[in-house]
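One-based numbering along the sequence shown. Atom set for the values below is all heavy atoms of this structure, side chains included, hydrogens, waters and symmetry mates excluded. None of these values were measured; they are calculated from a predicted model.
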Amino acid sequence: HIATLIIGIIGIVSTVNGQQMPQTNLYTDNIFNINPAYAGYNATCLEAYLGHITQWVGVEGAPSTNYLDIHKGFGNHIGLGGGFILDNTSMISRFSGNASFSYRIGLGANQNVRIGLSLGVYQVGVNTSSAIVQDPSDDVISGSRSGMTLNNEVGIIYNYKKFLLGISVPQAFETTAKYDAGTTTAEFGLDRHFTAFMKYDWAVSERWALEPSTMMKRVVNVNQFDVNLLGTYNHLISIGVGYRTDVGLLARLRLRLKEMFVVGYAYEFAGSNISSYSSGSHEIMLGITFCKEKKEQPRIESAAIPEIVPEPIVETPEPVIVPEPVVIPEPVVIPEPVVVPEPVVAPTPEPTLSANEKEVFKNQINYELGDADISSSSIAKINEMVVIMKKFPNLKLAIVGHSCDKGTDLRKEIVSITRAENVKRYLVEKGIDASRITSTGASDSQPLVPNTTEENKSKNRRVQFVLKE
């Protein structure tokens, strides 16, 4: 029946428009799939996601979708990525391939805006060879047809600490794919979409976290909303539930393996209008994250300097020389010329850091568990460093991030690196040349105090500064 309906529509009109974007239920794990501005969001990591969606299981010719998304950050501001989608619905197949660019604009220590642009191709194919029709000689439905056009999308994301708000416009410039349909030329139009989403990561306790999210989609005059709540235990397993208008209930499951792999699954319950025909829809996704390896750096804490024992000095006796008789001539006295010494000009000493200025860089910044954003209480400390570094243009600074002993090794390394890079990014945005600053992460390898109590653990979650005069 689906095939008969599609062929009837194509035979009646020469232009077809509709919702061409597949709907993913795992968008909070793969935001790049719905907004190009997310490309390179993690400046130190490359992220890749491979997914498959099967809709309306039990309905012949129902949609199925495969997608692949890859993106990476380059420096503190630029992100690049690419995505591919293959969507099949009965006799209609759609393929899109896009390349994306994003740029980050800092708005302060804890907030920024990313803007993104995606360009690519969109191909639509219609194959009616398996259709059951009343008149097999009809030119409109014989054989297969395909057309290609430009695909485009713009997006923007606002980030404040752990809050994200994004808006994207797929098919911002509406285009049309044309193909031969027997005696006429058919068109498949790409309607402009509007997508908006919000999500917030809320650390309820050291082991539990909640992630509320919502999304709105608009195509032509049709609006669709969904709300979701995902609960995570120990950064490992997540279970969630959601609701989408015109669809119904959604369920989600997510597993994180060693901070490098994520496996996501979503089940969409069949709505009342198709529950007698379908058992629902399924989506599964595999994500892989590769992060920059930590470079070995000297520890900040002062270490005891090994005592260097000098080698014993063996005195060699000098040979005894018998002096020859010395004939002393009559001294000739020659008056020496009087030399008037030139005035000595003392060199102007280069300015050096005062004790108080050095004390500023001994301040450290502390963090909550799992947090990498600069707190408002730490801004004043960093601004003092900005003033001093502008006063001494030859001064260089090493920033080292640390974590406590909670979490996996990869998680602790990523958090410590991100803490240091966020501070460096803030200094650069305040006018300090990036070549004067290095940022590294030390994970939990250099605790300030033993990780035996919660108070000590909070002291070890820090960023420290090392001056290089």
Side-chain angles (χ1 to χ4, degrees), residues 19-53 63-88 93-105 112-125 146-157 159 164 166-175 177 188 190-195 197 199 215 217 260-264 266 283-292:
Q19 178 172 337
Q20 297 86 16
M21 289 181 60
Q23 175 67 64
T24 174
N25 293 314
L26 301 174
Y27 64 89
T28 57
D29 293 313
N30 181 18
I31 298 176
F32 177 65
N33 184 272
I34 62 170
N35 196 317
Y38 196 80
Y41 182 84
N42 258 328
T44 62
C45 300
L46 180 146
E47 299 180 43
Y49 298 91
L50 178 66
H52 174 76
I53 305 172
S64 67
T65 305
N66 298 290
Y67 60 84
L68 172 65
D69 296 306
I70 303 174
H71 63 98
K72 185 182 185 304
F74 294 87
N76 294 325
H77 298 282
I78 295 176
L80 299 177
F84 303 91
I85 298 177
L86 179 60
D87 188 53
N88 292 293
S93 64
R94 289 167 290 194
F95 169 81
S96 66
N98 301 288
S100 302
F101 170 85
S102 72
Y103 188 80
R104 177 187 178 280
I105 303 172
N112 61 79
V113 168
R114 302 186 73 94
I115 54 176
L117 171 66
S118 176
L119 294 175
V121 296
Y122 190 97
Q123 184 180 44
V124 180
S146 66
M148 183 180 295
T149 187
L150 174 69
N151 195 17
N152 60 89
E153 182 176 3
V154 295
I156 184 170
I157 292 178
N159 171 219
L164 287 179
I167 299 174
S168 60
V169 186
Q171 288 90 52
F173 303 98
E174 294 181 335
T175 56
F188 192 93
L190 301 181
D191 286 327
R192 182 181 296 113
H193 293 53
F194 293 92
T195 302
F197 81 93
K199 88 178 190 85
M215 182 167 71
K217 291 183 66 175
M260 182 176 182
F261 299 96
V262 58
V263 178
E283 179 178 0
I284 188 168
M285 180 193 71
L286 172 65
I288 304 177
T289 302
F290 298 96
C291 293
K292 181 175 62 176

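- Atom NE2 of His193 is separated from atom CG of Asp191 by 7.0 Å, given to the nearest 0.5 angstrom.
- Considering every non-hydrogen atom in both Asp69 and Gly83, the closest pair reads OD1-CA, 3.6 Å.
- Side-chain atoms of Tyr67 and Asn30 form no donor-acceptor pair, as typed in the model, at a separation below 3.5 Å.
- Under the 3.5 Å distance criterion, the side-chain polar atoms of His71 are left unmatched by any main-chain donor or acceptor of Leu80.
- Of the inter-residue distances, the one linking Gln123 atom CD with Thr149 atom OG1 reads 11.0 Å to the nearest 0.5 angstrom.
- Put simply, the side chain of Thr65 never gets that close to the backbone of Ile53: no donor and acceptor are under 3.5 Å apart.
- Looking at Asn35, its side chain does come within 3.5 Å of a backbone N or O of Ile167 through a donor-acceptor pair.
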**Request:** Start with the C-alpha distance between Asn33 and Tyr38, add both sets of side-chain angles, then the distance that settles side chain to side chain contact (heavy atoms under 4.5 Å, CB included), and finish with yes or no.
**Result:** CA-CA 9 Å; Asn33 184 272; Tyr38 196 80; over 6 Å; no
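- Remark: the backbone N or O of Tyr103 is not paired with any side-chain donor or acceptor of Arg114 at under 3.5 angstrom.
- Glu174 places a side-chain N or O within 3.5 Å of a backbone atom of Arg192 that can act as its donor or acceptor partner.
- What you find for Thr195 and Met215 is that their closest heavy atoms are CG2-SD, 3.9 Å.
- Judged by distance alone, the side chain of Thr175 and the main-chain N or O of Leu150 form a donor-acceptor pair under 3.5 Å.
- Leu117 contributes atom CG, which lies 10.5 Å from atom OG of Ser102 (distance to the nearest 0.5 angstrom).
- Ala39 approaches Phe32 most closely through the heavy-atom pair CB-CE1, 3.7 Å.
- In summary, of the residues considered (Ser168, Pro170, Pro36), a side chain to side chain contact (heavy atoms under 4.5 Å, CB included) with Ser118 occurs for Pro36 alone.
- You'll find the side chain of Glu153 stays beyond 4.5 Å of the side chain of Asn98, heavy atoms only.
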**Message:** Checking Leu68 against Asn66 for the side chain to side chain contact (heavy atoms under 4.5 Å, CB included) test, could you report, in this order, the C-alpha distance in whole Å, the side-chain angles of both residues, the deciding distance, and whether it holds?
**Reply:** CA-CA 7 Å; Leu68 172 65; Asn66 298 290; over 6 Å; no
**Asked** Could you go step by step and tell me if Tyr41 and Arg104 meet the side chain to side chain contact (heavy atoms under 4.5 Å, CB included) rule?
**Response** CA-CA 9 Å; Tyr41 182 84; Arg104 177 187 178 280; over 6 Å; no
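- Counting non-hydrogen atoms of other residues, nucleotides and ligands closer than 6.0 Å to CZ of Phe74 gives a total above 12.
- Minimum interatomic distance between Arg94 and Val124 (heavy atoms only, all atoms of both residues): CG-CG2, 4.1 Å.
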**Message:** The test is side chain to side chain contact (heavy atoms under 4.5 Å, CB included); show your working for Val121 and Asn151 and say whether it passes.
**Reply:** CA-CA 5 Å; Val121 296; Asn151 195 17; 5.9 Å; no
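- Shortest non-hydrogen contact noted between Ser96 and Tyr122 is CB-CD1, 3.9 Å.
- Asn152 and Gln171 are not linked by any side-chain donor-acceptor pair at a separation below 3.5 angstrom, with hydrogens and angles left out of the test.
- Taking the side chain as every heavy atom from C-beta outward, Ile34 and Phe197 approach each other to under 4.5 Å.
- Annotation: the span from Thr24 atom OG1 to Asp29 atom CG amounts to 8.5 Å, rounded to 0.5 Å.
- For the atom pair CG of Leu164 and CG of Asn159, the computed distance is 5.0 Å after rounding to the nearest 0.5 Å.
- Applying the side chain to side chain contact (heavy atoms under 4.5 Å, CB included) criterion to Ile284, with sequence neighbours excluded, gives His52.
- Here the closest heavy-atom approach between residue Cys45 and residue Thr289 is recorded as CB-CG2, 3.8 Å.
- Note that CG of Asn76 and OG1 of Thr44 are 10.5 Å apart. Values are rounded to the nearest 0.5 Å.
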